[in-house]
Number of protein chains: 2
Amino acid sequence: MPASARARLARRLPQAATMFAALGDPTRLALVTRLCDGSRRSITQLCAGQPLTRQAISKHLRVLEDARVIRSERTGRESLYTLDPQPIGELRAYIDLVSSQWDDALARLKSFVEK
Amino acid sequence: MPASARARLARRLPQAATMFAALGDPTRLALVTRLCDGSRRSITQLCAGQPLTRQAISKHLRVLEDARVIRSERTGRESLYTLDPQPIGELRAYIDLVSSQWDDALARLKSFVEK
DNA sequence: CTCATATGCCACCTCCAGGTTGCATGTGAG
DNA sequence: CTCACATGCAACCTGGAGGTGGCATATGAG
(Lines give C-alpha, C1' and ligand atoms only; values in the text may rest on other atoms or scores of the structure.)
Protein backbone atom coordinates (compact mmCIF):
# COMPACT_ATOMS: atom_id res chain seq x y z
CA MET A 1 0.00 0.00 0.00
CA PRO A 2 2.69 2.57 0.90
CA ALA A 3 3.64 3.86 -2.52
CA SER A 4 6.45 5.89 -1.01
CA ALA A 5 8.21 2.78 0.25
CA ARG A 6 7.81 1.17 -3.15
CA ALA A 7 9.27 4.23 -4.84
CA ARG A 8 12.22 4.21 -2.46
CA LEU A 9 12.88 0.58 -3.21
CA ALA A 10 12.73 1.22 -6.94
CA ARG A 11 15.13 4.13 -6.66
CA ARG A 12 17.67 2.20 -4.64
CA LEU A 13 17.35 -0.92 -6.73
CA PRO A 14 20.30 -0.50 -9.14
CA GLN A 15 22.87 0.22 -6.49
CA ALA A 16 21.48 -2.43 -4.20
CA ALA A 17 21.71 -4.93 -7.05
CA THR A 18 25.38 -4.19 -7.65
CA MET A 19 26.12 -4.58 -3.96
CA PHE A 20 24.22 -7.86 -3.79
CA ALA A 21 26.07 -9.03 -6.87
CA ALA A 22 29.37 -8.05 -5.31
CA LEU A 23 28.58 -10.22 -2.30
CA GLY A 24 27.21 -12.98 -4.51
CA ASP A 25 30.57 -14.54 -5.29
CA PRO A 26 31.80 -16.99 -2.60
CA THR A 27 35.37 -15.73 -2.83
CA ARG A 28 34.30 -12.15 -2.40
CA LEU A 29 31.93 -12.95 0.44
CA ALA A 30 34.81 -14.79 2.11
CA LEU A 31 36.99 -11.72 1.70
CA VAL A 32 34.35 -9.52 3.24
CA THR A 33 33.83 -12.01 6.03
CA ARG A 34 37.54 -11.92 6.65
CA LEU A 35 37.59 -8.13 6.75
CA CYS A 36 34.53 -7.74 8.91
CA ASP A 37 36.63 -7.85 12.08
CA GLY A 38 37.78 -4.34 11.25
CA SER A 39 41.32 -5.32 10.27
CA ARG A 40 43.30 -3.69 7.46
CA ARG A 41 44.96 -6.31 5.30
CA SER A 42 47.14 -6.22 2.23
CA ILE A 43 46.45 -8.18 -0.92
CA THR A 44 49.07 -10.83 -0.25
CA GLN A 45 47.70 -11.28 3.25
CA LEU A 46 44.23 -11.79 1.81
CA CYS A 47 45.62 -14.27 -0.71
CA ALA A 48 46.88 -16.58 2.03
CA GLY A 49 44.75 -19.69 2.39
CA GLN A 50 42.83 -19.14 -0.83
CA PRO A 51 43.57 -21.41 -3.79
CA LEU A 52 43.63 -18.49 -6.20
CA THR A 53 46.19 -16.30 -7.86
CA ARG A 54 47.02 -12.90 -6.48
CA GLN A 55 45.56 -11.35 -9.62
CA ALA A 56 42.26 -13.12 -9.12
CA ILE A 57 42.01 -11.84 -5.56
CA SER A 58 43.05 -8.42 -6.80
CA LYS A 59 40.22 -8.41 -9.34
CA HIS A 60 37.73 -9.44 -6.67
CA LEU A 61 38.95 -6.66 -4.42
CA ARG A 62 38.53 -4.23 -7.27
CA VAL A 63 34.94 -5.37 -7.74
CA LEU A 64 34.22 -4.96 -4.05
CA GLU A 65 35.79 -1.53 -4.10
CA ASP A 66 33.74 -0.47 -7.14
CA ALA A 67 30.64 -1.61 -5.28
CA ARG A 68 31.87 0.55 -2.36
CA VAL A 69 31.81 -2.39 -0.01
CA ILE A 70 35.48 -2.00 0.87
CA ARG A 71 38.03 0.77 0.73
CA SER A 72 41.69 0.69 -0.25
CA GLU A 73 44.49 2.90 0.92
CA ARG A 74 47.99 2.80 -0.43
CA THR A 75 50.70 2.88 2.20
CA GLY A 76 54.22 2.41 1.01
CA ARG A 77 54.46 -0.42 -1.45
CA GLU A 78 51.34 -2.22 -0.29
CA SER A 79 47.68 -1.24 -0.41
CA LEU A 80 45.54 -2.03 2.59
CA TYR A 81 41.87 -2.91 2.40
CA THR A 82 39.23 -2.23 4.99
CA LEU A 83 35.50 -2.82 5.15
CA ASP A 84 33.32 0.21 4.58
CA PRO A 85 30.46 0.03 7.07
CA GLN A 86 28.10 2.43 5.36
CA PRO A 87 27.17 0.36 2.26
CA ILE A 88 26.65 -2.67 4.46
CA GLY A 89 24.23 -0.54 6.42
CA GLU A 90 22.44 0.43 3.23
CA LEU A 91 22.14 -3.20 2.24
CA ARG A 92 20.62 -3.93 5.60
CA ALA A 93 18.26 -1.01 5.10
CA TYR A 94 17.15 -2.42 1.74
CA ILE A 95 16.49 -5.85 3.15
CA ASP A 96 14.65 -4.28 6.05
CA LEU A 97 12.50 -2.36 3.58
CA VAL A 98 11.67 -5.54 1.69
CA SER A 99 10.84 -7.53 4.78
CA SER A 100 8.89 -4.68 6.36
CA GLN A 101 6.81 -4.44 3.19
CA TRP A 102 6.23 -8.11 3.51
CA ASP A 103 5.37 -7.83 7.19
CA ASP A 104 2.88 -5.08 6.43
CA ALA A 105 1.28 -7.23 3.77
CA LEU A 106 1.00 -10.12 6.20
CA ALA A 107 -0.56 -7.86 8.81
CA ARG A 108 -3.06 -6.53 6.30
CA LEU A 109 -3.87 -10.04 5.15
CA LYS A 110 -4.35 -11.17 8.71
CA SER A 111 -6.63 -8.28 9.59
CA PHE A 112 -8.56 -8.92 6.38
CA VAL A 113 -9.03 -12.58 7.20
CA GLU A 114 -9.98 -11.88 10.78
CA LYS A 115 -12.53 -9.29 9.83
CA MET B 1 37.63 -12.20 18.71
CA PRO B 2 34.53 -14.44 18.99
CA ALA B 3 35.64 -17.49 17.07
CA SER B 4 32.12 -18.91 17.30
CA ALA B 5 30.67 -16.06 15.29
CA ARG B 6 33.40 -16.45 12.70
CA ALA B 7 32.68 -20.17 12.44
CA ARG B 8 28.99 -19.50 12.02
CA LEU B 9 29.70 -17.06 9.24
CA ALA B 10 31.97 -19.53 7.48
CA ARG B 11 29.35 -22.26 7.72
CA ARG B 12 26.59 -20.11 6.31
CA LEU B 13 28.77 -18.58 3.65
CA PRO B 14 27.92 -20.81 0.66
CA GLN B 15 24.17 -20.52 1.00
CA ALA B 16 24.39 -16.83 1.77
CA ALA B 17 26.50 -16.34 -1.35
CA THR B 18 23.91 -18.04 -3.56
CA MET B 19 21.16 -15.89 -2.07
CA PHE B 20 23.17 -12.72 -2.56
CA ALA B 21 23.91 -13.77 -6.11
CA ALA B 22 20.23 -14.44 -6.72
CA LEU B 23 19.41 -10.88 -5.64
CA GLY B 24 22.40 -9.51 -7.55
CA ASP B 25 20.63 -9.32 -10.90
CA PRO B 26 18.55 -6.17 -11.40
CA THR B 27 15.71 -8.07 -13.06
CA ARG B 28 15.54 -10.57 -10.22
CA LEU B 29 15.76 -7.89 -7.56
CA ALA B 30 12.92 -6.09 -9.33
CA LEU B 31 10.88 -9.30 -9.27
CA VAL B 32 11.52 -9.73 -5.57
CA THR B 33 10.69 -6.09 -4.95
CA ARG B 34 7.45 -6.62 -6.83
CA LEU B 35 6.60 -9.69 -4.78
CA CYS B 36 7.53 -8.21 -1.42
CA ASP B 37 4.02 -6.89 -0.91
CA GLY B 38 2.91 -10.42 -0.22
CA SER B 39 1.03 -10.89 -3.48
CA ARG B 40 0.91 -14.12 -5.46
CA ARG B 41 1.50 -13.48 -9.12
CA SER B 42 1.69 -15.64 -12.20
CA ILE B 43 4.54 -15.58 -14.67
CA THR B 44 2.67 -13.58 -17.31
CA GLN B 45 1.66 -11.07 -14.67
CA LEU B 46 5.29 -10.69 -13.67
CA CYS B 47 6.28 -10.31 -17.31
CA ALA B 48 4.10 -7.20 -17.72
CA GLY B 49 6.13 -4.03 -17.90
CA GLN B 50 9.46 -5.78 -18.28
CA PRO B 51 11.16 -5.66 -21.68
CA LEU B 52 12.01 -9.35 -21.54
CA THR B 53 10.65 -12.56 -22.90
CA ARG B 54 8.51 -14.80 -20.79
CA GLN B 55 11.25 -17.41 -20.93
CA ALA B 56 13.80 -14.99 -19.52
CA ILE B 57 11.52 -14.11 -16.62
CA SER B 58 10.81 -17.79 -16.17
CA LYS B 59 14.50 -18.55 -15.88
CA HIS B 60 15.00 -15.78 -13.37
CA LEU B 61 12.12 -17.10 -11.31
CA ARG B 62 13.71 -20.53 -11.43
CA VAL B 63 16.96 -19.07 -10.11
CA LEU B 64 15.16 -17.30 -7.29
CA GLU B 65 13.30 -20.47 -6.48
CA ASP B 66 16.50 -22.52 -6.42
CA ALA B 67 17.96 -19.96 -4.04
CA ARG B 68 14.80 -20.45 -1.97
CA VAL B 69 13.99 -16.77 -2.10
CA ILE B 70 10.57 -17.40 -3.62
CA ARG B 71 8.13 -20.28 -3.78
CA SER B 72 5.96 -21.48 -6.62
CA GLU B 73 2.65 -23.24 -6.46
CA ARG B 74 0.78 -24.60 -9.42
CA THR B 75 -2.91 -23.79 -9.51
CA GLY B 76 -4.79 -24.73 -12.60
CA ARG B 77 -2.87 -23.80 -15.70
CA GLU B 78 -0.81 -21.08 -14.07
CA SER B 79 1.86 -21.23 -11.41
CA LEU B 80 1.83 -18.54 -8.77
CA TYR B 81 4.94 -17.17 -7.12
CA THR B 82 5.22 -15.78 -3.63
CA LEU B 83 8.10 -14.45 -1.57
CA ASP B 84 9.48 -16.81 1.04
CA PRO B 85 10.15 -14.74 4.15
CA GLN B 86 12.52 -17.13 5.87
CA PRO B 87 15.55 -16.87 3.55
CA ILE B 88 15.21 -13.10 3.53
CA GLY B 89 15.41 -13.30 7.28
CA GLU B 90 18.53 -15.43 7.04
CA LEU B 91 20.13 -12.90 4.73
CA ARG B 92 19.37 -10.22 7.22
CA ALA B 93 20.87 -12.38 9.95
CA TYR B 94 24.05 -12.79 7.91
CA ILE B 95 24.39 -9.07 7.33
CA ASP B 96 23.70 -8.45 10.99
CA LEU B 97 26.45 -10.91 11.90
CA VAL B 98 28.92 -9.13 9.63
CA SER B 99 28.05 -5.70 10.89
CA SER B 100 27.98 -6.80 14.50
CA GLN B 101 31.45 -8.26 14.08
CA TRP B 102 32.45 -4.95 12.66
CA ASP B 103 30.79 -3.05 15.49
CA ASP B 104 32.58 -5.20 18.03
CA ALA B 105 35.87 -4.52 16.32
CA LEU B 106 35.19 -0.81 16.41
CA ALA B 107 34.30 -0.96 20.07
CA ARG B 108 37.45 -2.88 20.89
CA LEU B 109 39.53 -0.45 18.87
CA LYS B 110 37.91 2.46 20.60
CA SER B 111 38.47 1.07 24.06
CA PHE B 112 42.06 0.24 23.08
CA VAL B 113 42.70 3.78 21.90
CA GLU B 114 41.05 5.33 24.91
CA LYS B 115 43.02 3.21 27.34
C1' DC C 1 -15.07 -30.76 -28.61
C1' DT C 2 -12.32 -26.97 -29.86
C1' DC C 3 -9.54 -23.19 -29.13
C1' DA C 4 -6.94 -19.83 -26.77
C1' DT C 5 -4.09 -19.30 -22.77
C1' DA C 6 -0.20 -20.34 -19.52
C1' DT C 7 3.54 -22.69 -19.04
C1' DG C 8 7.59 -26.12 -19.71
C1' DC C 9 11.35 -27.83 -22.29
C1' DC C 10 15.08 -27.71 -25.68
C1' DA C 11 18.47 -25.91 -28.85
C1' DC C 12 21.01 -22.13 -29.81
C1' DC C 13 23.56 -17.63 -29.50
C1' DT C 14 26.45 -14.04 -27.33
C1' DC C 15 29.10 -11.91 -24.01
C1' DC C 16 31.38 -11.20 -19.87
C1' DA C 17 32.84 -12.77 -15.14
C1' DG C 18 36.41 -15.31 -13.27
C1' DG C 19 40.78 -17.09 -13.84
C1' DT C 20 45.65 -17.53 -15.57
C1' DT C 21 50.30 -16.01 -17.31
C1' DG C 22 53.80 -12.70 -18.25
C1' DC C 23 55.75 -8.38 -17.89
C1' DA C 24 56.22 -3.55 -15.99
C1' DT C 25 56.50 -0.48 -12.06
C1' DG C 26 57.20 1.42 -7.56
C1' DT C 27 59.19 0.98 -3.02
C1' DG C 28 61.51 -0.70 1.25
C1' DA C 29 65.65 -3.33 2.88
C1' DG C 30 70.59 -4.16 2.90
C1' DC D 1 72.87 1.07 -5.60
C1' DT D 2 70.87 -3.19 -5.91
C1' DC D 3 67.64 -6.56 -5.06
C1' DA D 4 63.56 -8.61 -3.38
C1' DC D 5 58.87 -7.75 -2.63
C1' DA D 6 54.04 -5.93 -3.41
C1' DT D 7 51.34 -4.51 -6.72
C1' DG D 8 49.43 -2.94 -11.39
C1' DC D 9 48.42 -3.81 -16.17
C1' DA D 10 47.37 -6.21 -20.50
C1' DA D 11 46.43 -10.13 -23.30
C1' DC D 12 44.27 -14.31 -23.40
C1' DC D 13 41.17 -18.34 -22.43
C1' DT D 14 36.80 -20.63 -21.02
C1' DG D 15 32.37 -21.75 -18.97
C1' DG D 16 28.24 -20.38 -17.76
C1' DA D 17 24.70 -16.54 -17.17
C1' DG D 18 21.24 -14.17 -19.62
C1' DG D 19 18.53 -13.94 -23.58
C1' DT D 20 15.82 -15.64 -27.81
C1' DG D 21 12.75 -18.58 -30.69
C1' DG D 22 10.27 -22.81 -31.59
C1' DC D 23 7.63 -26.50 -30.31
C1' DA D 24 5.06 -29.49 -26.90
C1' DT D 25 1.68 -29.87 -23.26
C1' DA D 26 -1.95 -29.05 -19.87
C1' DT D 27 -6.07 -26.56 -18.72
C1' DG D 28 -9.98 -23.19 -18.52
C1' DA D 29 -13.43 -20.96 -21.67
C1' DG D 30 -17.01 -21.24 -25.17
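Letters A, B, ... mirror the listed sequences (proteins, then strands); counts begin at 1.
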Inset, instruction - Give a yes-or-no answer on whether the side chains of B:Thr44 and B:Arg54 include a donor-acceptor pair shorter than 3.5 Å. - result: no
Legend entry - Joint hydrophobic cluster, B:Leu97 plus A:Phe20, side-chain heavy atoms closer than 4.5 Å: yes
Inset, instruction - Please state whether the phosphate of D:dG19, meaning OP1 or OP2, lies under 4.0 angstrom from any side-chain nitrogen or oxygen of B:His60. - result: yes
Inset, instruction - Measure the distance from CG on B:Leu31 to P on D:dG19 and round it to the nearest whole Å. - result: 11 Å
Inset, instruction - Could you check how far CZ of B:Arg28 sits from P of D:dG19, rounded to whole Å? - result: 9 Å
Legend entry - Name of the residue among A:Arg62, A:Glu65, A:Arg40 meeting side chain to side chain donor-acceptor pair (under 3.5 Å) with A:Ser72: A:Glu65
Legend entry - Nucleotide interval of DNA chain C bounded by contacts with chain B (heavy-atom cut-off, under 4.0 Å): C:dA4 to C:dC9
Inset, instruction - Answer yes or no: does a side-chain N or O of A:Thr44 lie under 4.0 Å from OP1 or OP2 of D:dT7? - result: yes
Inset, instruction - Using atom CZ of B:Arg62 as one end and atom C1' of D:dG19 as the other, report the distance to the nearest whole Å. - result: 16 Å
Inset, instruction - Describe the nucleic acid contact of B:Thr53 in one word from base, sugar-phosphate, nothing, applying a heavy-atom distance below 4.0 Å. - result: sugar-phosphate
Inset, instruction - Return the residues of residues 74-84 of chain A meeting this criterion: a heavy atom under 4.0 Å from some atom of DNA chain D. Order them by number, or give none. - result: A:Arg74, A:Arg77, A:Glu78, A:Ser79
Inset, instruction - Using distance alone, with no hydrogens and no angle criterion, decide if A:Tyr94 and B:Thr33 have a side-chain donor and acceptor under 3.5 Å apart. - result: yes
Inset, instruction - For side-chain contact (heavy atoms from CB on, under 4.5 Å), just list the numbers for B:Val69 and B:Asp84, CA-CA rounded to whole Å, side-chain angles, deciding distance to a tenth of an Å, and then say yes or no. - result: CA-CA 5 Å; B:Val69 178; B:Asp84 190 348; over 6 Å; no
